[in-house]
Amino acid sequence: LVDKCAACLTCLRVCPFEAPRVTDVARIPSDRCQACGICVAECPANAIVMRSYNPHELVARTLEALEGMGGRKAVAYIGGFCATAAEWRSEVGDRVPGVAEIYLSSTGGVSVAEVLHAFENGADAVAVITCKDATERYPTVALRTRRRVEQAQEMLKEIGISPARLQVFEVADAGRGAVREALARIAQEAARA
C-alpha cells in the first residue's frame, strides 16, 4: 500500500532476491518477486500486500484449529516445503495430541504479530518448524524465522509469559520423525503452561 510505505528500505534489505525497487516508495515488480513472504513479515508499516496472500488468513486458520481443541493446546507452524501430501492434508496417523499442525509453503511469511495472535487466541505454546537455511527453498528463511521468534520471545517475557512457550525448530527437512519429536516437545511446554 503506497500510502503506508515510508521507503525505509527494510524490504530491500531482507529480500534474498533483490526484487524491491525503492524511490519515493518501495515497489516490488511481480516478475522479480519469488513470493517468499519475507518482506511482508518484516515490513514495519504493513505496507506490503501479496496478491495471493491474505494477511489475516493465518490468524483465522490458527483460531479455527484451536477452537476444536480442549485442554492444553499448542500450535505448530510448519514449513511444508519438504512435507508429504498426507501431512498437508492432516492424514498422518502419528499426530501429537493437543498440537494443531498448520502447514505453510514457507515459514518466511510468519510474522511476530501472527505468532502472538496464536497466544491471544488460546494457544498455550507455539512452535515454528522450519528447514535449515541450506535446504529451505528460500534463502535466509531459517535465519529470519529465528530472529522473529526471538523478538516474540522477548515480548512474551516482557508481559510475564515464559519465552520457552515459543520455540523454533529447524527440522522440517529432516522427516516426519524429527518433526513429530519437535511437536512432542512443544506439547510438553503447553502442558507446563
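All values below come from the heavy atoms of this structure, side chains included, with hydrogens, waters and symmetry mates left out.
Using a 4.5 Å cut-off between side-chain heavy atoms of Ile, Leu, Val, Met, Phe, Trp and Tyr, with links allowed through other members, L166 and I102 fall into the same hydrophobic cluster. V92 and V96 fall into different hydrophobic clusters, defined by Ile, Leu, Val, Met, Phe, Trp and Tyr side-chain heavy atoms under 4.5 Å apart, directly or through other members. Note on I129: it does not cluster hydrophobically with V168, by side-chain heavy-atom contacts below 4.5 Å among ILVMFWY residues. Hydrophobic clustering, with ILVMFWY side chains joined whenever heavy atoms are under 4.5 angstrom apart, keeps L63 apart from L116. Residues Y103 and V75 do not share a hydrophobic cluster, defined by chaining ILVMFWY side chains whose heavy atoms lie under 4.5 Å apart.
Within 6.0 Å of atom CD in E18, 12 or fewer heavy atoms from other residues, nucleotides or ligands are found, so the atom counts as exposed in its surroundings. More than 12 heavy atoms of other residues, nucleotides or ligands lie within 6.0 Å of CE in M69, so this atom counts as buried by the packing criterion.
The shortest heavy-atom contact between V171 and V179 is O-CG2, 3.8 Å. Pairing each heavy atom of A118 with each of L66, the nearest pair is O-CD1, 3.8 Å. Scanning all heavy atoms of the two residues, the minimum distance from A76 to V99 falls at CB-CG1, 4.0 Å. Between C39 and V14, the shortest heavy-atom contact is CA-CG2, 4.0 Å. Heavy-atom minimum distance, C82 versus C131: SG-SG, 4.0 Å. Counting all heavy atoms, side chain and backbone alike, F17 lies closest to C36 at CE1-SG, 4.3 Å.
Taking CZ of R95 as the reference point, atom CG of L183 lies at 8.5 Å (rounded to 0.5 Å). In this structure, N46 CG and K4 NZ are separated by 5.5 Å, a value rounded to the nearest 0.5 Å. With rounding to the nearest 0.5 angstrom, the CD atom of E42 is 7.0 Å from the CZ atom of R13. Interatomic distance, S106 OG to L104 CG, rounded to the nearest 0.5 Å: 8.0 Å. Of the inter-residue distances, the one linking I159 atom CD1 with L156 atom CG reads 5.5 Å to the nearest 0.5 angstrom. With rounding to the nearest 0.5 Å, the separation of CD1 in I28 from SG in C11 is 5.0 Å.
Contacts classified as side-chain hydrogen bond (donor to acceptor under 3.5 Å, both in side chains) and involving residues 150-171 (residues at least two apart or in different chains) are given here: R146-E170. Within the structure, the side-chain hydrogen bond (donor to acceptor under 3.5 Å, both in side chains) test picks out the following pairs touching residues 62-83 (sequence neighbours left out): T62-Y77, R72-D124.
When only modelled atom types and interatomic distance are considered, T107 and R148 share no side-chain donor-acceptor pair under 3.5 Å. Remark: the E114 side chain and the H117 side chain contain no N/O donor-acceptor pair separated by less than 3.5 Å.
Residues Q34 and P16 fail the side-chain proximity criterion, which asks for heavy atoms closer than 4.5 Å. E87 is listed as a side-chain neighbour of R176, based on a closest heavy-atom distance under 4.5 Å. Using a 4.5 Å cut-off on side-chain heavy atoms (C-beta onward), R27 and V25 make contact.
Checking side-chain atoms of W88 against main-chain N and O of G80 turns up a donor-acceptor pair under 3.5 Å.
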Check against side chain to side chain contact (heavy atoms under 4.5 Å, CB included), T130 and V110: CA-CA 11 Å; T130 188; V110 178; over 6 Å; no

